[in-house]
Amino acid sequence: MEVIIKQTYEEMSRAAAHDVARLLNTKPNAVLGMATGSTPLGMYQELVRMHREEGLDFSQVTTFNLDEYVSLPVSHPQSYHYFMQENFFKHVNVPKQNTYIPSGTTSNYQAFCAWFERRIEECGGIDLQILGIGSDGHVAFNEPGSSLSSRTRLKTLAKQTIEDNARFFERREDVPIYAITMGVGTILEARRLLLVANGKNKAWACAAAIEGPITGMVTASALQMHARAKVFLDDAAASELKMREYYDWIEERRPGAPQV
Ligand code: PGA
């Protein structure tokens, strides 16, 4: 796992966005896995800036989102459909028909999940999956106790996640209890993983995911099993890492490293 620590949220967001842009420059028809939440906002803003000012092109890109709340209509301001539209899609040129987000309002969740998995495969698999991390160590909505081989399915959110996400809703009771989410197994099949995390409230989860044992109790720890996982952190999110100095040492020496 590559651990890249930047001083600030802005620097972290820019570094992550540049990684995505590098992929698009070498593979313009890449399949991107998208994440929602407050963390990737800065990264999306930088990608939008690169689209506007530097011509970063999304016209051949396909996207698959990680998750969606069950029961929220797509027009609900807290739905992930709405989030993606407002914060990314309406500012760039991804063709609408190339964007896939799990449906929180399907009448048949099982069939929808199977179809979603099939669509990923039919599109050639995900080239780069963007991820956030929950304060309980989840990736997407794979809450503690999820199978590390899980596939896209319905999940009951953990109380901690409901608590964390209540800030986006008027009342805590408004936070949906269920979600549809890609599984850990689905995520691990992406060719590259890129996780972003910032802030002190993510420090424990980041340390557990990066340096702790691989466990279904911290589903982000499954990234340790992936050959091409990169984690971008700000200083606060990195504050509980035991090997911090070593990660910085590697980064400082990267420019002089033999090319592979
Ligand atoms: P956040 O959510 O970016 O809003 O902190 C991350 C997550 O729960 O995966």
Side-chain angles (χ1 to χ4, degrees), residues 6 8-10 12-13 15-17 20 32-47 64-70 72 76-84 86-88 101-102 104 129-146 148 150 152-153 155-169 172 174-184 186-188 190 193-210 216-223 229-240:
K6 299 288 181 189
T8 65
Y9 173 72
E10 290 71 26
M12 175 205 87
S13 301
V20 176
L32 293 181
M34 312 303 276
T36 51
S38 47
T39 314
L41 275 175
M43 186 188 63
Y44 289 145
Q45 277 159 15
E46 178 65 7
L47 286 170
F64 285 91
N65 265 76
L66 286 171
D67 45 18
E68 177 59 288
Y69 288 118
V70 161
L72 295 191
H76 190 290
Q78 294 311 328
S79 79
Y80 291 160
H81 280 77
Y82 190 92
F83 175 101
M84 288 309 296
E86 287 305 303
N87 294 301
F88 192 61
I101 303 177
Q129 176 65 58
I130 297 161
L131 299 163
I133 184 170
S135 66
D136 64 358
H138 70 208
V139 270
F141 276 134
N142 293 289
E143 298 289 25
S146 292
L148 298 183
S150 49
T152 304
R153 70 209 183 289
K155 273 302 283 182
T156 308
L157 299 186
K159 283 188 181 155
Q160 178 69 52
T161 300
I162 293 175
E163 206 61 60
D164 288 348
N165 291 0
R167 70 190 192 277
F168 298 115
F169 292 81
R172 189 184 181 282
D174 296 338
V175 185
I177 293 167
Y178 306 99
I180 179 167
T181 181
M182 273 191 211
V184 182
T186 321
I187 291 167
L188 288 177
L193 303 180
L194 185 165
L195 185 143
V196 278
N198 71 295
K200 185 84 190 113
N201 68 323
K202 298 292 175 70
W204 175 85
C206 289
I210 296 166
M217 298 312 288
V218 177
T219 55
S221 66
L223 266 70
K230 258 192 199 182
V231 177
F232 290 89
L233 306 177
D234 77 345
D235 198 54
S239 60
E240 288 185 32

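For ligands, and for the atoms within them, numbers begin at 1 and follow the listed sequence. Only a predicted model underlies this, so the values are computations on that prediction, with no experimental measurement involved.
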Distance alone, cut at 3.5 Å: any donor-acceptor contact between the side chains of Arg153 and Ser146? yes
Quick one: sort the Tyr44 and Phe83 rings into parallel, tilted or perpendicular, breaks at 30° and 60°. perpendicular
The residue among Leu188, Thr186, Thr181 that forms side-chain contact (heavy atoms from CB on, under 4.5 Å) with Val184 is Leu188
Between CG of Asp136 and CD of Glu163, what distance do you get to the nearest 0.5 Å? 12.0 Å
Hey, would you say the Phe169 and Tyr69 ring centroids sit under 6.0 Å apart? yes
Just jot down the side chain to side chain donor-acceptor pair (under 3.5 Å) partners of Glu143, sequence neighbours excluded, or say none. His138, Thr161
Those protein residues which place at least one heavy atom below 4.0 Å from ligand 1: Gly37, Ser38, Thr39, Gly132, Ile133, Gly134, His138, Arg167, Lys202
